[in-house]
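In this text, all values refer to a predicted model and were calculated from it rather than measured experimentally. All heavy atoms count here, side chains included; hydrogens, waters and symmetry mates do not. Letters A, B, ... are given to chains in the order of the sequence lines, protein chains preceding strands, and every chain is numbered from 1.
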Amino acid sequence: MILPAGFYRRPTLDVAADLIGKVLVRSGGRGGGFRLSGTIVETEAYIGEDDLACHASRGRTARTAVMYGPAGRSYVYLIYGMYCCLNAVTEDPGFPAAVLIRAIEPLEGIERMMRNRNGNKRTTELGSGPGKLCQAMAIDRDLNGADLTGPELWIEDRGIQPGPIRTSPRIGVDYAGAYRDKPWRMFVDGSAHVSKRPSQDNTWRKL
DNA sequence: GTAGTGATTTTCT
DNA sequence: GAAAATCACTACA
């Protein structure tokens, strides 16, 4: 079942948690073309203009406009001049928020994903990071604003029961002041496909 | 195994 | 002009 727009039009933390275990699917090319997919194992929530880590904290601009639009669309942006990151827009129109898809466990089209990733042979290196998964699944800014109910990019519920979910502070947002330590990153505990494994850090709590 | 650093360009100040 | 929701590579243990 493809997740409907209503799935995304909810509190962002709920969407971030519920997306764990869902399947991200990318389809393209002519006449059937290709189909790539992977189970989502890591997400992060970015919530509103008050959240100093959220791009919308600087207000509405050409880049952040999608986040102010309806839920269930994609927000794809370029980071560090080289990589793209994929988000799902959440909440009511007018309230800027999104869930960053940070890691997937590859399911379908693994051979093609390896080619997209410059011949990388390890499945754990195909989707264990927001830039990596976009490269593997051929997601770039052409898909910014795309409807996440298809036909190029969507997320399905296949009834997968993810392992235990943990939370942690978000990655790479040390500049975000009081919002730096918010435990708004969600990931499958122990998965080999998440972007970073826990170090000696007992501040992370069970969800 | 961990730590440090350069690549590259859009975006907003 | 500075910073950025990252990654790959190198050096070293």
Please tell me which of the listed nucleotides, C:dA8, B:dT11, C:dA5, lies nearest to the side chain of A:Arg141?
B:dT11
Is A:Arg10 positioned over the aromatic face of A:Tyr8, cation under 6.0 angstrom from the ring centre and no more than 45 degrees off axis?
no
Atom CG of A:Asn120 and atom P of C:dC7 are separated, to the nearest Å, by 12 Å
Counting only distance, no hydrogens or angles, is the base of C:dA5 paired donor-acceptor with the side chain of A:Tyr77 under 3.5 Å?
yes
Cation-pi check, A:Arg63 to A:Tyr75: give yes when NZ or CZ is under 6.0 Å from the six-membered ring centre and within 45° of the ring axis, no otherwise.
no
Could you state the CG-P distance from A:Leu100 to C:dA4, rounded to the nearest angstrom?
16 Å
Would you indicate what A:Arg63 reaches in the nucleic acid, counting non-hydrogen atoms under 4.0 angstrom: base, sugar-phosphate, or nothing?
sugar-phosphate
Considering only distance and modelled atom types, tabulate donor-acceptor pairs under 3.5 Å from the side chains of residues 92-102 of chain A, sequence neighbours left out.
residue, atom, partner, partner atom, Å
A:Asp92, OD1, A:Arg9, NE, 2.6
A:Asp92, OD1, A:Arg9, NH2, 3.3
A:Arg102, NE, A:Glu42, OE2, 2.8
A:Arg102, NH2, A:Ser195, OG, 3.1

Given atom CZ of A:Arg58 and atom C1' of B:dT10, what is their separation to the nearest angstrom?
15 Å
Pair A:Thr12, A:Glu91: side-chain N/O donor-acceptor within cut-off below 3.5 Å:
yes
Protein-nucleotide distance (A:Ile139, atom CD1; C:dA5, atom P), rounded to Å
19 Å
For the side chain of A:Lys132, starting at C-beta, report the closest nucleotide among C:dA8, C:dA5, B:dC12.
C:dA8
What is the distance, to the nearest angstrom, from the CG atom on A:Asp174 to the P atom on C:dA4?
10 Å
What is the separation between atom CD1 on A:Ile171 and atom P on C:dC7, rounded to the nearest whole Å?
10 Å
Taken to the nearest whole Å, CG/A:Leu52 to P/C:dA4 is 12 Å
5' priority, DNA chain C, between A:Arg117 and A:Gly172 [closest heavy atom]:
A:Gly172
From OH of A:Tyr175 across to C1' of B:dC12 the rounded distance in Å is 13 Å
Using both distances under 3.5 Å as the test, list the Watson-Crick or G-U wobble partner of B:dT8, or none.
none
Could you run down the sub-3.5 Å N/O contacts of the protein with nucleotides 2-9 of chain B?
residue, atom, partner, partner atom, Å
B:dT8, O2, A:Tyr80, O, 2.4
B:dT9, O4', A:Gly81, O, 3.4

Does B:dT11 have OP1 or OP2 under 4.0 Å away from a side-chain N or O of A:His55?
no
Need one value for A:Arg180: base, sugar-phosphate or nothing, where a base atom within 4.0 Å counts as base even if backbone is also close, heavy atoms only.
nothing
Looking only at side-chain atoms of A:Pro130, point me to the closest of B:dT11, C:dT6, C:dA8.
C:dT6
Are the side chain of A:Arg158 and the backbone of A:Val23 linked by a donor-acceptor contact shorter than 3.5 Å?
no
CA sep, side-chain torsions, deciding dist, call: A:His55, A:Tyr77, ring pair (Phe, Tyr, Trp, His ring centres under 6.0 Å)
CA-CA 10 Å; A:His55 290 161; A:Tyr77 65 90; 4.7 Å; yes
Using only atom types and a distance under 3.5 Å, with no angle test, would you say the side chain of A:Ser57 pairs donor to acceptor with the backbone of A:Ala53?
no
